[in-house]
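Comments concern the structure below.
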Number of protein chains: 4
Amino acid sequence: MAKKATPSTGKTPANTLTRGHKKKARTRRQLLDAALRIYAHAGVGGLALNTLAEEAGVSNGTVYNYFRSREQVLEAVGLELAVQLSEQILTVSEAVDSGAERLSIAVRTFMNKARTDPDWTRALITVVRYAEGMRSALATYLRADLQAGRRQGDFHYAHEEMAMSMVISATLGAMNLLVEDGEVEHADRIAAEMVLQALGVPRGEAGLIAGLPLPGEGG
Amino acid sequence: MAKKATPSTGKTPANTLTRGHKKKARTRRQLLDAALRIYAHAGVGGLALNTLAEEAGVSNGTVYNYFRSREQVLEAVGLELAVQLSEQILTVSEAVDSGAERLSIAVRTFMNKARTDPDWTRALITVVRYAEGMRSALATYLRADLQAGRRQGDFHYAHEEMAMSMVISATLGAMNLLVEDGEVEHADRIAAEMVLQALGVPRGEAGLIAGLPLPGEGG
Amino acid sequence: MAKKATPSTGKTPANTLTRGHKKKARTRRQLLDAALRIYAHAGVGGLALNTLAEEAGVSNGTVYNYFRSREQVLEAVGLELAVQLSEQILTVSEAVDSGAERLSIAVRTFMNKARTDPDWTRALITVVRYAEGMRSALATYLRADLQAGRRQGDFHYAHEEMAMSMVISATLGAMNLLVEDGEVEHADRIAAEMVLQALGVPRGEAGLIAGLPLPGEGG
Amino acid sequence: MAKKATPSTGKTPANTLTRGHKKKARTRRQLLDAALRIYAHAGVGGLALNTLAEEAGVSNGTVYNYFRSREQVLEAVGLELAVQLSEQILTVSEAVDSGAERLSIAVRTFMNKARTDPDWTRALITVVRYAEGMRSALATYLRADLQAGRRQGDFHYAHEEMAMSMVISATLGAMNLLVEDGEVEHADRIAAEMVLQALGVPRGEAGLIAGLPLPGEGG
DNA sequence: AATGAATGAGCGTTCATTCAT
DNA sequence: CATGAATGAACGCTCATTCAT
């Protein structure tokens, strides 16, 4: 979580990067971090490159050593968020087979992220609205869970695309509520329960699934 | 209201004031209509006042006879949409008492509107995202239905704000899917069914309610 | 010759222009005049729109009420010069039939213009170099004279395009010499004589033609 | 000369200094060649130092090891062209005494260069326009030939500066025609003939001189 | 000597806003 | 009220130049 540490994602061949490269990578990260922060508070339209540069602590011209245009900054931020998103999702529900449980875990994870990292969440909401491409990144993971849940007899939906749209927009809406209107007790479970029910899981069962302890929570 | 009582020209016939008012109202309407069209295609950021004036067939300066600033144009568009929204809702479910049915009718009405008037829909989606105030206009109607449905034993939700958020965002998400990704058979019923289920209506019952003929449809 | 008068070129239908139009036309003229002045001293590359606006006494944004882009400013200046050029040429050699005499008159007129209006001349030279299209404006007039001179047995050139290129570049070169290196006695006649000779007019005859009094000089 | 005697790596062989010098000279040449190529295609304004560095295969910072500023690059290119120019001229008309013949040879040599090396020619034209200093390099050689031709009774010009201006601009104009508008049969002789005639050489004689075989052509 | 990341002044352009007519 | 020319701040972007490595 340290802002400036994270010098290695674990996958980079150690000796590939010279010092110059390291510095370049760090500046790039500063820019992306700054962009996320601005997104969160000012939206897409509010990302002015001067502001971005200032927030990142570099001069305006420097931005163009890393991105060819404003458009590419937005793209890069979207990509960055998509990657972080994937990591969020993948790390959580690895060992779970039930589609319904996986979906519940995903929804609750995002809800909890909304509680603990409002900036990231606002940026995510902004980007999902702006870059339709982001939606497909989400959809990929989601579709697998929906289909699994249906095969396993838990989900009963009439139209897959509409089901996905429903899950995504409802979850984002709930995240937005959390971020903008403040705390709600057990918001994660409530959201998950509603989503499961929307997909045809009976009320009692939905409550049970949504109430399971999250993996890694030490339950 | 008028700062200057327009005593000016002298050769004004008796009904000038009326005419003036009519014309004034018409110009205002032209501006709002034009703004809606632009919103639909260019989003909030794309509403440039020069473009707006051109689209409305007036000169740029004229805009400032009706709105004090760009910000106020956006506000007015939001208000306008809210009013149209109210009309949409109120005209449909007047005679219905069941909260669940009313909600189903509302969702389906909006879904059908999305099919028949994509521009209006896109504008609505844009404005709802932009002007948080719009959400409360929606919420007013919605809350009554939710509470009625709960009283009547149909809805079982754990948190009213989250339930409202869920209904609004899921419906808007479904509308967006319709508008951007094209036709879906019975999209209105599917959406209504999912929303009802999310609120705790059992599967079979939700399907029944969502499948009722819409009032005024001549069924 | 007054900078700001010239309210009518004589051809504009008197009542067509409202006051607003007049003002717009005047500002446009201020911009073009300023552009010419800048061209003369700074060349094409030196025409910065901020500078242009300042020189014309308007704000930078105003430029864009008259030209869509920098490119269009340059085009407009070229066109303006071409028009002025045409007027220069047409008013002088109307009554003359001999191609050789007409050419001599043209060359000398331009040389005299170079002496009396160095700014205009520098701008012309700049524009001719930059906008190849200008060359054709010149070429149109020139070609007629060359062909007439040849028909009349005065000119003997092997290749018309090269002859035209020769006349144009030699004249512009001579104008440039005048403008940059200062006065030369009878520069106009000397230039005309050389050009005539280059086109095959014998030395004595060339001197005679180049020495004829210019029409309108009151000789 | 070197500020730091590059004592670095340790495994440098004896002739390192020579090699260093050679490399330095080679890099400088790469830069100048690249500059010429860019000049030819993009003009003076189009020479961006980043582009120059890339075209020369070095990094942008390296340019500043060879030139103090952009201005000095332009100067150096001018000088380089002047030197190459001198070589062009000097190698051709060494053994010729007649000023008229020498001038004819020079004009034709340049015309042929325009045919065989358009890039060099475009660069030359650009630089002559931009760097007035170049003109004097040309003038030096030219003046001698003009004066010789006059002494020998071939040339009859009224003003030496204007004669020089005429020769230079006419020749450059003809070269430009060749480079931009394509092939012309015997363009070199035609140009030389016109220039000679402009300087007072009678038509027949000018044709003869311009038609002489070029030295070194194996005639 | 070579590198290339960083700088920042300056440019072309847009656009909300004002105001004389 | 309507007009539309004028304004000027702000933006995206370029590029000559510097400097630590």
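A, B, ... follow the sequence lines: proteins, then strands. Residue 1 opens every chain.
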- Task: Please evaluate the base of F/dA6 for a donor-acceptor partner in the side chain of C/N65 within a cut-off of under 3.5 Å?
- Result: yes
- Item | Salt bridge flag under 4.0 Å for residues B/D33 and B/R37 | no
- Note on the structure: The residue, D/S69 or B/S59, whose nearest nucleotide of DNA chain F is more 5′ is B/S59
- Criterion side-chain contact (heavy atoms from CB on, under 4.5 Å) against C/V77, the qualifying member of C/L31, C/L32, C/I38: C/L32
- Whole-Å gap separating C1' (E/dC11) and CD1 (C/I38): 14 Å
- Interatomic distance where CD belongs to A/E54 and P belongs to E/dA6 [whole Å]: 17 Å
- Roughly, in whole Å, what's the span from CG in A/L31 to P in E/dA6? 9 Å
- Query: Given atom CZ of D/R70 and atom P of F/dA16, what is their separation to the nearest angstrom?
  - Reply: 5 Å
- Using whole Å, report how far CG of A/L52 lies from P of E/dT7. 13 Å
- Note on the structure: Re F/dC19: Watson-Crick or G-U wobble partner, both distances kept under 3.5 Å, found to be E/dG4
- Item | Distance, nearest 0.5 Å, that separates OG1 of A/T126 from CG of A/L74 | 11.0 Å
- Message: Can you tell me the base-pairing partner of F/dC11? Count Watson-Crick or G-U wobble geometry only, both distances below 3.5 Å, and say none if there is no partner.
- Response: E/dG12
- Task: Classify the side chain of C/N60 versus the base of F/dA9 as yes if they form a donor-acceptor pair under 3.5 Å and no if they do not.
- Result: yes
- Task: Just compare F/dA16, E/dA2, F/dG12 and give me whichever is closest to any side-chain atom of D/T27.
- Result: E/dA2
- Message: Both D/T51 and C/G61 contact DNA chain F. Which one's nearest nucleotide lies toward the 5' end?
- Response: C/G61
- Query: Under 6.0 Å from the CD atom of C/E54, do we count more than 12 heavy atoms belonging to anything else shown?
  - Reply: no
- What nucleic acid atoms does B/Y66 come within less than 4.0 Å of, heavy atoms only: base, sugar-phosphate, or nothing? sugar-phosphate
- Message: Counting only side-chain heavy atoms from C-beta out, which of F/dT17, E/dT3, F/dC11 sits nearest to D/V58?
- Response: E/dT3
- Message: Please confirm whether the shortest side-chain N or O distance from C/T62 to OP1 or OP2 of F/dT7 is below 4.0 Å.
- Response: yes
- Within this structure, what is the CZ-to-C1' distance between A/R29 and E/dA5, rounded to whole angstrom? 18 Å
- Message: Does A/V63 reach a base, just sugar-phosphate, or nothing at all? Heavy atoms under 4.0 Å.
- Response: nothing
- Message: Using modelled atom types and a 3.5 Å cut-off, is there a donor and acceptor pairing between side-chain atoms of C/R129 and backbone atoms of C/V44?
- Response: no
- Query: Roughly how many Å is it from CD in D/E71 to P in F/dC15, rounded to a whole number?
  - Reply: 16 Å
- Take atom OH of C/Y64 and atom P of E/dA16, then tell me their distance rounded to the nearest Å. 17 Å
